[in-house]
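Shown next, in structure tokens, is the structure this report addresses.
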Amino acid sequence: MSLLSIRNLTKRFGGLTAVNKVSFDVEEGAIVGLIGPNGAGKTTVFNLITGNYRPDEGDILFAGTSIKALRTHKIVSMGIARTFQTIRLFQKVSVLENVLAGRHCRMKAGLVAGMLKTPFEKKEEREALRYCVEELEFVGLKGQESQVADSLSYGNQRLLEIARALASEPKLLILDEPAGGMNEQETEALVGLIGKLKGRGLTILLIEHDMSLVMRACEHLVVLEYGCKIAEGPPETVKNDPKVIEAYLGAD
Amino acid sequence: MGEGMILKIENLHVKYGQVEVLHGINLHVNKGEIVTILGANGAGKSTTLNAISGLVKVSSGAIYFEDQPISKVPAHRVVELGVAQAPEGRRVFGTLTVQENLNLGAFTNRDGDNIIQTLGWIYELFPVLLERKNQLAGTLSGGEQQMLAIGRALMANPKVLLLDEPSLGLAPILVKAIFKTLKEINEAGLTIVLVEQNARAALKLANRGYVFEVGKVALEGPSADLLEDPNVQNAYLGGNH
Amino acid sequence: MMNEKYKLFLYSAFALILATAPLYLNSYWVDVLNSVGLYAILALSLNIILGDAGLYNMGHAAFFAVGAYTAAYLNTQFGLPILWALPVSGIVAGIAGLLVARPVVHLRGDYLLIVTVGVGEILRIALINDVFGLTGGPNGIFGIDRPVLFGFKIRKPQEFFYLIWGFVAVTIFLFYRLKNSRFGRALDYLREDMTAAEGSGIDTGRYQLYAFMVGAAWAGMAGTLYASKMSIISPESFSFWESVLIFIIVILGGSGNIAGVLLGTFLIIGLPEAFRGFANARMWFFGLAMMLMMIFRTEGILPHRPRVFKSLDRQRP
Amino acid sequence: MEEFFQQLTNGLAVGGIYALIALGYTMVYGVLKLINFAHGDLFTLGAYLGLTLLTSLGLSGHLGTVLGLIVLAIMVTGFVGIAGALLERAAYRPLRDSHRLSAVVSALGASIFLQNTIMLIYGAKNYVYPLDILPRTTLHIFGLPVPLVRILILTASLLLMAGLYLFIQKTRLGTAIRAAAIDQGAAKLMGINVNQVIMIVFLVGPGLGGVAGLMVGLYYGQVNFTMGWVYGLKAFTAAILGGIGNIPGAMVGGLLLGVIEALGAAYISIAWKDAIAFCVLIVILIVRPTGILGERVADKI
Amino acid sequence: ADTIKIGLMAPLTGSWASEGEEMKNIVNLLADEINANGGLLGQQIEVIAEDDGGDPRTASLAAQRLATQEVIAVIGTYGSSVTEASQAIYDDFSILQVANGSTAIRLTEKGLKYFFRTSPRDDEQGRVAAQTIKGLGFGKVAILHDNTSYAKGLAEETKGLLEKTSNSIVFFDALTPGERDYTAILTKMKAANPDVVFFTGYYPELGLILRQKMEMAWNVPFIGGDATNNPDLVKIAGAKAAEGYYFLSPPVPQDLAFAKSKDFLKAYKAKYGSYPGSIWAVLSGDGFLTITEGVKAAKTTDPEKLAEFLHAGTQKVSGLTGKIAFNTKGDRVGEVYRVYRIDAEGKFILQDK
Ligand SMILES: Nc1ncnc2c1ncn2[C@@H]1O[C@H](COP(=O)(O)OP(=O)(O)OP(=O)(O)O)[C@@H](O)[C@H]1O
Ligand SMILES: Nc1ncnc2c1ncn2[C@@H]1O[C@H](COP(=O)(O)OP(=O)(O)OP(=O)(O)O)[C@@H](O)[C@H]1O
Ligand SMILES: [Mg+2]
Ligand SMILES: [Mg+2]
């Protein structure tokens with residue numbers, strides 16, 4: 001059984017069909033790239049997976065269960081975490097607290113425990129802090145815990161988004177243009193990070209226009225155009241698919 | 001100001017609150033050139049463009065446009081003088097339609113024929129925008145917004161075009177198309193200042209380049225030289241890829 | 001850190017000066033402090049909703065009123081001692097908060113603001129019209145008992161001072177802890193970016209309701225204290241202007257910052273008293289002072305600062 | 001049935017005034033996202049200034065009623081507009097880059113300040129406009145007695161709304177205002193003089209509020225220094241009801257609020273009429289979270 | 001002490017500020033007069049005015065503040081619930097309080113020793129109102145109040161009395177004060193077709209109502225309570241619309257035969273340029289005279305003795321609205337209310353009993 005299975009997914013905005021009967025699978029442990037021209041509906045697919053939009057048709061199965069009607073936070077707690085195309089950090093909040101946001105769904109202390117600082121709450125906080133610090137270290141942001149998120153450089157903000165997503169211990173991580181706004185050196189580091197994530201057993205679905213990253217990081221590609229899937233397969237095959245070249249890559 | 005120079009920056013300092021982020025930038029652009037500015041995140045590239053446009057306050061130093069000091073000129077006047085910018089983060093008017101956004105780009109452009117002509121040309125360049133003409137800009141996909149931002153800046157019919165990471169979030173085919181178009185409009189006489197992360201493509205396009213490091217110019221020179229420079233190769237061109 | 005020590009010293013000195021205030025102030029100034037204390041509770045409770053969760057609530061006096069009327073009713077009709085009424089009215093006001101927030105909490109900024117204004121007004125009109133014969137109409141409810149603590153009847157301003165400020169202290173203690181807990185952080189996230197918060201796994205809808213519930217419950221308890229202190233309550237005391245005043249305190253003091261909100265209360269409740277010398281120009285000076293303070297401290301007197309993690313190095317694995 | 005139509009015209013008359021004040025409210029809000037709580041007090045200022053000018057200049061005596069009133073209206077609009085622009089300069093501009101609610105608090109301070117300024121200058125008592133400046137003709141429309149002045153007020157509101165709407169939608173300056181409303185920085189990059197735009201908005205918005213104050217004074221006769229608070233809140237409610245920032249919305253919201261109040265008073269209870277109006281508002285907002293003609297939202301994720 | 005301090009608690013800011021302003025004017029004028037004539041018991045009087053903002057919380061602070069300034073007595077205030085918020089404080093500090101605009105019955109039913117009022121009570125006015133309505137021969141009555149505790153109290157009192165007789169109440173509701181347009185209410189009231197409307201609210205609203213009633217061409221007579229006794233009423237409504245309006249009120253100083261009232265009016269006009277408008281403000285002057293005459297007669301400033309003296313009710317003080325004496329509860333005794341009617345020129349004409 002695949003970890004994520006998209007079945008006949010359709011989403012319309014008014015007269016526009018942004019996603020049109022798209023189906024594909026993401027196997028456990030795989031790194032899958034979702035590519036396609038601007039406006040092809042990639043981000044919309046992500047928004048459908050994470051419950052930000054509701055599909056008009058089709059279904060989304062995560063580990064066998066349909067998640068298409070669940071609310072976003074529920075989906076996150078089931079094990080899907082994401083980053084956003086335009087960075088959406090909590091700008092005026094410290095870096096570590098940004099990561100703690102991701103940890104939220106794995107914690108239990110409520111209102112009363114928080115007011116009274118019960119031993120359970122204290123222990124849980126301590127562990128959460130430790131876990132989040134580790135995740136920050138993992139993405140390479142050690143020592144910046146107390147900075148305000150918006151004071152980080154653009155590339156680091158992207159990494160922070162990844163750390164926040166990781167803090168929820170997802171099984172599936174979905175990244176929307178993680179290398180957007182990064183220079184080639186930073187992109188290089190990102191490829192390394194994605195490799196390490198795979199090492200941890202995570203499954204990753206990503207959107208990216210930087211083909212150098214896509215080619216190096218992904219094992220499988222799905223190509224959308226005008227909301228429809230036009231190709232799917234291993235990177236080398238897709239790269240040479242004339243339809244993909246015409247719609248997306250352009251001739252050299 | 002030297003012969004043929006259209007834009008010149010002398011010893012530019014800029015602060016955000018107490019923190020100085022530009023520590024004396026010197027830079028010039030000749031008429032008809034494409035100049036690219038490279039640099040790591042946070043080096044001050046966008047800040048420099050915003051200083052030229054008058055969006056951030058200059059704390060010391062001077063900026064000249066066509067021999068006229070503009071560091072104290074308010075932003076809207078700078079546009080009237082002929083400097084347009086497609087800013088970082090696109091900043092399209094989300095609750096206005098694509099068409100309205102483009103019209104706003106031509107706010108200072110009083111040449112009616114030019115407006116119609118440019119508009120046609122932009123729709124030709126980015127056919128998606130024509131399809132989405134009456135859609136709210138805020139609901140466009142990331143790349144579509146990027147196209148709109150570039151198109152909008154062109155609508156002003158500027159003498160100098162400032163582009164802040166125009167290729168961000170664009171599909172490869174479009175990046176190629178845009179760079180090709182930039183070349184064309186440059187050849188038609190428009191001067192371009194290009195901030196890019198995609199250093200290789202930018203250097204291939206530009207006549208000259210500047211490399212910023214933490215608020216200072218670290219390197220400058222003709223693009224060809226920079227492409228060859230081992231420091232640049234290591235830091236911005238991703239080594240041997 | 002030097003700065004931290006200095007801060008601690010400042011706070012303790014302040015607490016000490018305040019705690020001994022009834023010894024050297026006359027009953028008028030003590031009563032002014034009582035007023036400040038009551039509004040401090042109200043403002044701290046609104047701060048949860050407005051400052052922390054970022055929900056524009058300009059009808060907070062409604063929950064204050066629910067608490068006050070609940071306590072007054074239970075006390076005058078059933079003889080429930082006023083301090084026993086304290087938790088009851090907290091619960092009733094909290095439930096009121098939930099009920100009010102439930103259908104409208106998804107509204108954006110100013111739309112929520114006008115709805116809360118509306119709720120406040122609807123309640124006030126209901127009170128004036130003696131809804132279900134419970135509220136005594138424009139006369140309100142009178143003859144409310146003074147609180148009795150361990151057999152001691154509290155009636156003088158000096159005595160109320162310790163009751164009210166004791167409650168303020170408990171509130172600060174609990175809310176401060178809440179701020180740096182999972183709950184408090186959740187409110188920060190949803191204030192900053194609702195979509196990102198939901199996307200990080202936080203049930204934003206639920207926390208918005210919780211914020212309203214906690215804020216309303218505390219305002220309700222403040223209402224009980226108010227009712228027992230005044231011994232008569234009437235709809236005038238819960239007008240739109242009261243909501244506005246509490247709102248101003250939170251924003252001007254520094255929304256999201258407990259010390260700022262306290263300082264704001266001193267200024268907003270204290271200044272009109274300090275300006276009494278100007279006779280009928282006192283509100284003129286007050287308006288002027290408000291504008292000036294806002295212009296010179298645009299983010300509030302003591303703005304919210306992001307949390308600093310000092311002890312991380314010890315925790316690092 | 002006759003009573004129903006009578007109440008409807010009563011509601012429209014009141015609503016016309018709400019709409020007129022709401023127009024100014026909405027304009028200012030549209031650009032600065034600022035709930036200008038001082039708007040109601042600028043309205044009061046208009047009423048007082050109108051009275052002072054009317055009695056001290058004797059305009060209608062010199063120029064005849066119609067011309068005199070027009071000149072008076074222009075003068076009031078101008079003066080209150082200038083007061084509004086000064087207010088913006090002093091109390092709002094320094095806060096333009098800070099949190100939205102900071103400016104709201106400054107506006108509340110300005111409201112207290114203005115209200116008490118008027119009280120200190122004129123005293124706390126009620127003032128009365130000279131009677132019978134306006135024609136007291138009552139028309140009979142389909143058998144309903146409708147005072148002519150009400151029709152004039154409603155017409156004036158509608159005309160001003162239409163004019164304002166065309167100005168915002170069709171003119172270059174209007175486009176600039178709309179752009180500045182969305183993103184001031186980006187608007188500057190389009191060559192728009194944002195400070196100037198805001199100043200114009202603060203001339204027009206408060207100016208409209210001032211002229212509404214004048215109308216209320218002329219028609220109802222009685223003014224006092226606290227009247228702006230109630231009217232301001234109603235106008236704000238009306239603007240939200242219609243969808244704040246939206247000019248036809250202010251009109252629709254104002255008229256609707258007036259009608260709801262009148263019908264609520266007529267068929268449910270007078271004492272509860274404001275509560276009824278707020279209930280309707282809440283229900284409408286639950287169904288349409290951005291008001292009846294609410295602004296278009298675009299939050300692309 | 002070298003001066004005798006008397007407090008005045010009044011709404012100097014907020015929506016009742018116009019009332020407060022006049023109260024302050026009147027009390028200051030009377031105090032100046034006494035001071036110019038050698039003072040009270042050989043001492044000068046110092047009036048300390050505090051703002052109660054017309055709101056209970058501010059009032060309790062104002063009361064605390066006055067209590068700490070060694071006043072022997074306080075005049076005020078306006079609004080029953082506002083007064084009530086201060087009653088206990090003055091009582092605790094043994095300060096004499098003479099309220100001037102607080103008509104709720106319960107205020108004097110608590111048995112407070114130091115509390116008096118120069119304003120009559122709702123029940124008294126209600127009685128006179130019901131009598132008048134009957135006396136004028138009206139059958140179907142509409143009653144309109146404004147949901148302040150004063151107006152509602154009076155409305156309910158009158159309603160109760162009228163219902164006991166042959167009168168029928170065809171309309172009973174409350175307007176919202178501070179608005180400008182009351183046509184919706186008039187339209188609704190007209191549909192109930194009353195013979196008379198009894199209005200218990202305040203003059204600014206009434207002025208507008210009378211005017212709008214005339215524009216509607218509805219000719220029903222109106223009767224009102226003492227809160228409508230203000231010359232501005234005619235200015236707002238216009239003489240034509242106000243003509244024929246009846247109201248109940250303690251006599252205005254103009255109608256009193258005392259030299260004292262006449263002198264007072266002259267002095268007031270000379271100093272402030274017009275006659276005092278509000279009857280409540282005039283009653284604060286009565287409060288002042290109660291205190292000063294009481295001190296004079298009892299030859300002491302001790303509030304306890306003063307209170308005993310006033311409760312005895314033997315000494316009648318000549319006030320601005322007639323003779324003043326109190327019963328043991330602290331209420332003013334005697335018939336105070338008169339009926340007025342507005343004539344074609346807008347003058348208030350005292351009607352024969
Ligand atoms: N909320 C919305 N309302 C209307 N149209 C929308 C909305 N969201 C997306 N669209 C449209 O749907 C299409 C797909 O958008 P989407 O953001 O999924 O594209 P994308 O593949 O992520 O493109 P890019 O690579 O440029 O980010 C676009 O044409 C966009 O204009
Ligand atoms: N509004 C601001 N307030 C405070 N600091 C800012 C602000 N904008 C930018 N900075 C800081 O100024 C420095 C330069 O930023 P700038 O945006 O000019 O860099 P850049 O070279 O364009 O980087 P990028 O490649 O990320 O766009 C950075 O350290 C940044 O954090
Ligand atoms: Mg996308
Ligand atoms: Mg940049």
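For the pair E/Asn230 and D/Lys125, the minimum side-chain heavy-atom distance is 4.5 Å or more.
Residue-environment remark: NZ (E/Lys347) stays at or below the threshold of 12 foreign heavy atoms within 6.0 Å. Enclosure of atom OH in D/Tyr267 by more than 12 non-hydrogen atoms of other residues, nucleotides or ligands within 6.0 angstrom is indicated. Atom NZ of E/Lys266 sits in a sparse spot, with 12 or fewer heavy atoms from other residues, nucleotides or ligands closer than 6.0 Å. No more than 12 heavy atoms of other residues, nucleotides or ligands lie within 6.0 Å of CZ in D/Phe79, so this atom counts as exposed by the packing criterion.
Pairing each heavy atom of E/Asp173 with each of D/Ile270, the nearest pair is OD2-N, 3.0 Å. Here the closest non-hydrogen pair linking E/Ala191 and D/Glu3 is CB-OE1, 3.6 Å. Contact record, D/Ala271 with E/Asn147: CB-ND2, 3.9 Å, taken as the closest heavy-atom pair.
Only the side chain of D/Phe225 comes within contact range of chain E, with at least one heavy atom under 4.5 Å from a heavy atom of that chain. For D/Val149, no part lies near chain E; criterion is any non-hydrogen pair under 4.5 Å. Only the side chain of E/Thr176 has a heavy atom closer than 4.5 Å to any heavy atom of chain D. For E/Leu186, no part lies under 4.5 angstrom from a heavy atom of chain D. Of the two parts of D/Met227, the backbone and the side chain both hold a non-hydrogen atom closer than 4.5 Å to a non-hydrogen atom of chain E. With a 4.5 angstrom heavy-atom cutoff, E/Phe171 touches chain D only via side-chain atoms.
Residue D/Gln222 is tested with E/Arg180, E/Lys235, E/Glu205 for a side-chain contact (heavy atoms from CB on, under 4.5 Å); the sole match is E/Arg180.
Contacts between residues 206-220 of chain E and chain D, counted as heavy-atom pairs separated by less than 4.5 Å, involve E/Leu208, E/Arg211, E/Gln212, E/Glu215.
Residue with the most contacts toward chain D among E/Pro204, E/Ser278, E/Gly238: E/Pro204 (heavy-atom pairs, distance under 4.5 Å). Ranking D/Asn126, D/Asn116, D/Ile17, D/Val230 against chain E, the residue ahead of the rest is D/Asn126, based on heavy-atom pairs under 4.5 Å. Chosen from D/Pro147, D/Pro130, D/Ala266, D/Ala262, the residue pairing most often with chain E at heavy-atom distances under 4.5 Å is D/Ala266. Ranked by heavy-atom pairs under 4.5 Å with chain D, the first of E/Glu22, E/Glu19, E/Glu179 is E/Glu179.
In this structure, CD1 on E/Ile185 lies 10.0 Å from CG on D/Asn10, to the nearest 0.5 angstrom. Remark: D/Tyr220 OH to E/Ile236 CD1 distance equals 14.5 Å, nearest 0.5 Å.
In terms of modelled atom types and a separation under 3.5 Å, the side chain of E/Asp181 and the main chain of D/Val14 share no donor-acceptor contact.
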- Task: Before giving the answer on side-chain hydrogen bond (donor to acceptor under 3.5 Å, both in side chains), spell out for D/Asn224 and E/Ser18 the whole-Å C-alpha distance, their side-chain angles and the decisive distance to 0.1 Å.
- Result: CA-CA 10 Å; D/Asn224 66 11; E/Ser18 66; over 6 Å; no
